[in-house]
Amino acid sequence: MSKTADSIYCPFCLKRFGLDDANSADQKIQCPACDLYLPRLYIQEGLVSPTDMVMSIGRTGNGKTTLLMSMFGTLINSPGLLATAVGTYAPPTTDETTSVTSWARQAYAAFSTRGVLPDTSPPIARPVPLYVIDPPQGDRRNLFLFDAGGEVFSDVATLAHNMPYTAQARVLWIVVSLGRDSWETAMEERFSGLGGNLWALLDTYVSARAEIRADLHLAPTPQALLVIFTKADNHGGRVPGIDAHLQRGAVSSPEERIALSDFLQGWLTNETQGGQGAVAKADAEFDLVEYCAVSATGGRVVPDKEGFRTMVRPQPKLILDPMAWTWELTERLNDRSSFLKRLLRRERPRAWIRAKAGRTTLPAPRSQG
């Protein structure tokens, strides 16, 4: 990629606009759509970096807020697991982005020291522009993350009105809980099973995406879906074999992610109520679909005077797998030639796993020794 750019994405509203790059590193650049000045660091370092645009959605109570807190807290405090450094493209003026990143750091401090879970977060009004230095596939990557609170899923119009950025996500994270506590059980009954809940989320999002694209005159663009099953440590025995996989620590290997994704797709299709319809809808509406499972806490959660806390010292499991998958999915969307090569390499293991209809065991994780 060249060191100049003819047009750029605003990291705060995701609108693309033209740029005279002759002296862009020395200029103050203001987005014509949202009127915010672009951070100097983004102008100097981020314009030519690969950008992952991620939308995170999930119903209230599925663990999405805890997932995001645990994920970014782990990244910031232990960047060596995936990168050498993580930072935020802080705006030149006071902005809610600063409070969002401050919230993540403060919430993670309470979580890591006392096991206290964060309160439900409000919808983030605009993307939070982050960067990661020296990830596996390059020197620097941008991450524009935006989050929708569970309450915006009351209907299509509410989602389309409150979160117009959702249609521009390159990678969509849909968060669904594997937990077997009374609340999750009641939610699954309401939506005719875990698969039915996922189908309903997909249906609402896809309809809202169509409305947003029409209203904003946006052309359809390739989009990937990552289904993130949270609370994987509390599945109550309904996902045999996954417990051993969770022992991989914060991030698994590419081969382990592929095996787990195929296993979860087969499990969702064959072992859950409504799962076949959810898998079919995901495949029909998205260019790429993968599945992962995480434990943001590493153990059971109990009520406490501060809200909720973990019963044991927090030890998140596979909490960075969504980030690793996001890099992989973005690269496959951006480079169709690379996608075809990777597809050929993955054809054999995927065909073998999917041929095992009703498979209920997961291949043993590769030794990390």
Side-chain angles (χ1 to χ4, degrees), residues 14 51-75 82 100 104 118 120-121 123-124 126-130 132 141-153 159 162-163 165-178 194 197-206 208-209 212 221-232 250-252 257 260-261 264-265 268 278-279 281-283 285-296 316-333:
L14 299 187
T51 296
D52 304 290
M53 288 189 286
V54 178
M55 173 71 195
S56 174
I57 64 177
R59 299 190 193 282
T60 300
N62 277 257
K64 183 163 60 69
T65 299
T66 301
L67 166 73
L68 295 175
M69 174 275 300
S70 184
M71 179 189 303
F72 290 114
T74 301
L75 265 178
L82 277 184
V100 169
T120 300
S121 61
I124 297 175
R126 61 167 59 96
V128 178
L130 304 167
V132 179
R141 291 187 78 95
N142 301 326
L143 172 64
F144 299 162
L145 172 81
F146 39 120
D147 176 32
E151 63 271 19
V152 303
F153 286 95
L159 178 59
N162 288 281
M163 302 301 295
Y165 308 122
T166 61
Q168 295 170 266
R170 300 298 308 283
V171 180
L172 178 71
W173 292 350
I174 285 193
V175 177
V176 179
S177 173
L178 288 177
L194 182 145
N197 178 34
L198 176 57
W199 185 94
L201 283 168
L202 286 169
D203 192 54
T204 301
Y205 173 77
V206 168
R209 182 179 67 183
I212 295 166
T221 57
Q223 202 174 36
L225 171 66
L226 180 64
V227 178
I228 305 174
F229 290 110
T230 55
K231 306 183 185 180
V251 63
S252 54
R257 289 197 302 275
L260 181 61
S261 180
L264 288 171
Q265 185 195 52
L268 183 64
V279 170
K281 189 168 188 64
D283 288 340
E285 298 290 353
F286 294 87
D287 296 83
L288 300 168
V289 183
E290 299 289 356
Y291 300 82
C292 71
V294 306
S295 171
K317 303 296 185 183
L318 306 184
I319 194 63
L320 297 181
D321 271 13
M323 285 296 306
W325 264 128
T326 296
W327 293 341
E328 165 88 9
L329 290 168
T330 301
E331 289 301 305
R332 285 161 58 187
L333 287 175

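Because the structure is predicted, anything quoted here is derived from the model rather than measured.
- Looking at every heavy atom in both residues, D287 comes nearest to P222 through OD1-CA, 3.3 Å.
- Using a 4.5 Å heavy-atom threshold, the side chains of F229 and V175 count as separate.
- Rounding to the nearest 0.5 Å places CD1 of I174 at 11.5 Å from NZ of K64.
- With rounding to the nearest 0.5 Å, the separation of OG1 in T221 from CG in L333 is 9.0 Å.
- Put simply, the side chain of L268 reaches to within 4.5 Å of the side chain of L198, judged on heavy atoms.
- Summarising the geometry of A293 relative to A232, their closest heavy-atom pair is CB-CB, 4.1 Å, with the distance given to 0.1 Å.
- When the options L143, L67, I319 are evaluated for a side-chain contact (heavy atoms from CB on, under 4.5 Å) with F72, the one that passes is L143.
- With respect to I57, the side-chain contact (heavy atoms from CB on, under 4.5 Å) criterion is satisfied by exactly one of L172, L202, T204: L172.
- In terms of heavy atoms, C292 sits closest to L264 at C-CD1, 3.6 Å.
- Residue L75 holds its CG atom at 6.0 Å from CG of L82, rounded to the nearest 0.5 Å.
- Contact annotation: the side chain of M53 never approaches that of V171 to less than 4.5 Å [non-hydrogen atoms, C-beta and beyond].
- Side chains of D52 and T326: no donor on one and acceptor on the other come within 3.5 Å.
- Considering L226, V54, V289 in turn, L226 is the only one that fulfils the side-chain contact (heavy atoms from CB on, under 4.5 Å) rule with L329.
- A salt bridge is absent between R257 and E290; no separation between the charged side-chain nitrogens and carboxylate oxygens falls under 4.0 Å.
- Annotation for S70 and A296: closest pair OG-O, 3.0 Å, computed over non-hydrogen atoms.
- Side-chain contact check for L68 versus W173: some heavy-atom pair is nearer than 4.5 Å.
- When all heavy atoms of S261 and W325 are compared, the closest pair comes out as CB-CZ2, 3.9 Å.
- For the side chain to side chain donor-acceptor pair (under 3.5 Å) with Q223, the lone residue among Q168, R209, R170, E285 that qualifies is R209.
- One distance of note links CG of L145 with OG of S56; it measures 6.5 Å at 0.5 Å rounding.
- The two residues Y291 and A282 come nearest to each other via the heavy atoms OH-CB, 4.3 Å.
- Note that the OG atom of S295 and the CG atom of L318 stand 8.5 Å from one another [nearest 0.5 Å].
- In this structure, OG on S177 lies 12.5 Å from CD1 on I228, to the nearest 0.5 angstrom.
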